[in-house]
Amino acid sequence: MTQPPLESIIEGALFAAGEPLSVERLLALFPETPLRRSEVLEAIARLRGDYAGRGIEIAEVAGGFRVQVRASVAPWVGRLWEERAPRYSRALLETLALIAYRQPITRGEIEEIRGVAVSTNIMRTLLDREWVRVVGHRELPGRPALYATTRAFLEYFSLGSLDDLPPLAELRDPDRPLESLLTVGEPDSQPTDNA
Amino acid sequence: MTQPPLESIIEGALFAAGEPLSVERLLALFPETPLRRSEVLEAIARLRGDYAGRGIEIAEVAGGFRVQVRASVAPWVGRLWEERAPRYSRALLETLALIAYRQPITRGEIEEIRGVAVSTNIMRTLLDREWVRVVGHRELPGRPALYATTRAFLEYFSLGSLDDLPPLAELRDPDRPLESLLTVGEPDSQPTDNA
Amino acid sequence: MKALDEASDASAGGGPVEEPSPIARVRGAPILSLPQDLYIPPDALEVFLEAFEGPLDLLLYLIRRQNLDILDIPIAEITAQYMDYVELMTELRLELAAEYLVMAAMLAEIKSRMLLPRPAAEGEDEEDPRADLVRRLLEYERFRQAAQDLDALPRLERDVFPVQAELPRGHLQRVPPEVDLCELLAALREVFARAELYLSHRVEKEPLSVRERMSGVLERLAGGGFHRFSELFEGLEGRAGVVVTFLAVLELTKNAVLELVQDGAYAPIHVRLREQTAEAESHDTAAA
């Protein structure tokens, strides 16, 4: 069997995979004729060029490559499905945000920051969707579970890695400790350092 | 929002649908600007031309149009799933072991010893793998099948015969490491007593 | 009105056309924003109050609504407003999380400490009684924002649709998993550990060769019909082999799998599978 062009095979694999494919998994498709990473990356770059101006594009997500519908046509394509995408409650999103930004974190720590109990239902939904998993236990009484986000979380929210999360808002003035801001009632009395 | 080219939207829809799309379903994506069937069919024909000689193709099937991996690249793409052979479940291994040691045995008898139901899936996997076969039926209500191991089973596990399996009494001794029970199959390593 | 919008569910649906999601509906009419004062139509109020994600969320709402400086909260005023809401929630019999009452107690405590005169000498070191609360509010606010940002990310099912393509049949070569003999034995050991008593009486001494032969005998008889008993024995196997076969046949007969038939004294013994012939034949042809 003569081997079709590298690009065609990679295109077929990206279409059929059903999940983002890493360069490693693509390399594994060619056990007889070992390729270099750069050859795979170049083939993907050529495919990207081919798709320019078309209805699809190649996105880099969760440590791999995924072919997806281009955002400009997505609103029309979304009409294919009758039921709307699930909406998630603020409680769930806040819990998920805390796990994403503060992982690994216990449920107790989440509750402390949110100032309210986290329902078991929320944790179950997050675990069921496989956005979150238990990665260990804190050595405290009761050995509470430590939660962290998963690859499926990155995939779902189209993130390349956790570094791609939107930056967390900074505290008002990170250079000055809160205590100094709170010297009672005299916010204007700060020494100004104009010469 | 300005509407992208018809072809791009149809491309995105066909590629994302995950099932064959009829012309009617494609027409339903454009409620504001009603199209003629022929316009949709022409767009699909142009897309087919665009993908000639690539890794995927648009096939016409009973329910409409569907995207599939081109046969010429399928052998490579199929390897995506090769490496990810899952491990057999504990339930399957227990079932297989009981068939080996207690053959011929019915599914009901296996369930009785294991104390849990044996799924049809497990029996099918063992039969598919040709490690197990039906050798008869017990004359009981329902005529349950009697299962036994096959020659392929012996070959896979490098056993000359079932007698090469460690006797149950030894197996049941939890202090004996399993490896030590498997010295069979190397009859040449016996100390010879010629001077 | 920014704070009010934040207090409503932050998630915005996708799709080409999307109206701002109403906070509540009163007799079918959507309420998109809330009145400034405390008077809210009763139906909507319940929805509004339920939308708070706990005491910190409610406090942030009160502070933002009045454009107060979070770093210099007028604690007496905020405490009074907070208590108004908590009482409302109680009156409406909303499920009031214990955290709301804990916060009420904390606010009251801060208020009382603020009223105490500060000893002049220690003034420098004394921490503002509100400091801890402010820290918590600021920290919570960051993650409340982060949750909104997360919700705005392009999301599978809603904004992002990956492609899917079928693989033509016959190319899915699933390599079956490897099994080590030790794994098999370990599994069996597990069964025994569970069924200890049951097995110790029944399985102990049975040689596996008999079990194997039982399978072999069944295989030979699988075609149906009668077979000569003597044909089951192969002279080449020697005495041990004959004994094994004999035991296998006895065991199968005892289990009512085999039937032994002899027409008269000293006549040849015949063996067959115990199943109604007709049924057996149909079964065999089906299997063939």
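Lettering follows sequence order; numbering is per chain, from 1. Values reported hereafter were calculated over all heavy atoms of this structure, with side chains retained and with hydrogens, waters and symmetry mates removed.
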Tell me whether the count of non-hydrogen atoms from other residues, nucleotides or ligands lying under 6.0 Å of [atom1] in [X] goes above 12.
{"X": "B:E130", "atom1": "CD", "answer": "no"}
{"X": "C:F229", "atom1": "CZ", "answer": "yes"}
{"X": "C:R228", "atom1": "CZ", "answer": "no"}

| Under a 4.5 Å heavy-atom cutoff, which of C:P162, C:A187, C:A186 has the most pairs with chain B? |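 Option with the greatest count: C:A187.
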
I want to check something: taking the side chain as every heavy atom from C-beta on, are [X] and [Y] in contact at a cut-off of under 4.5 Å?
{"X": "C:E183", "Y": "B:R87", "result": "yes"}
{"X": "B:L146", "Y": "C:L218", "result": "yes"}
{"X": "C:V217", "Y": "B:V135", "result": "no"}
{"X": "C:V257", "Y": "B:P104", "result": "no"}

| field | Option in B:R129, B:E19, B:R70 with maximal non-hydrogen atom pairs under 4.5 Å from chain C | value | B:R129

Which heavy atom of [X] sits nearest to which heavy atom of [Y], and what is that distance?
{"X": "B:S161", "Y": "C:E212", "answer": "CB-OE1, 3.5 Å"}
{"X": "C:V179", "Y": "B:F157", "answer": "O-CE2, 3.6 Å"}
{"X": "C:L184", "Y": "B:L93", "answer": "CD1-O, 3.5 Å"}
{"X": "C:S215", "Y": "B:A148", "answer": "OG-CB, 3.0 Å"}
{"X": "B:D163", "Y": "C:S209", "answer": "OD1-N, 3.0 Å"}
{"X": "C:R211", "Y": "B:Q103", "answer": "CD-O, 2.9 Å"}

| query | Can you check whether B:A16's main-chain N or O pairs, donor with acceptor, with C:Q164's side chain at less than 3.5 Å? | reply | yes

Region of [X] that comes under 4.5 Å of a non-hydrogen atom in chain C:
{"X": "B:A100", "value": "backbone"}
{"X": "B:I110", "value": "neither"}
{"X": "B:P167", "value": "neither"}
{"X": "B:Y156", "value": "side chain"}
{"X": "B:L92", "value": "neither"}
{"X": "B:A17", "value": "backbone"}

| query | C:L252 versus chain B, heavy atoms under 4.5 Å apart: side chain, backbone, both or neither? | reply | side chain

| Measuring from B:E170:CD to C:L185:CG, what's the distance to the nearest 0.5 Å? |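 Result: 11.0 Å between the selected atoms.
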
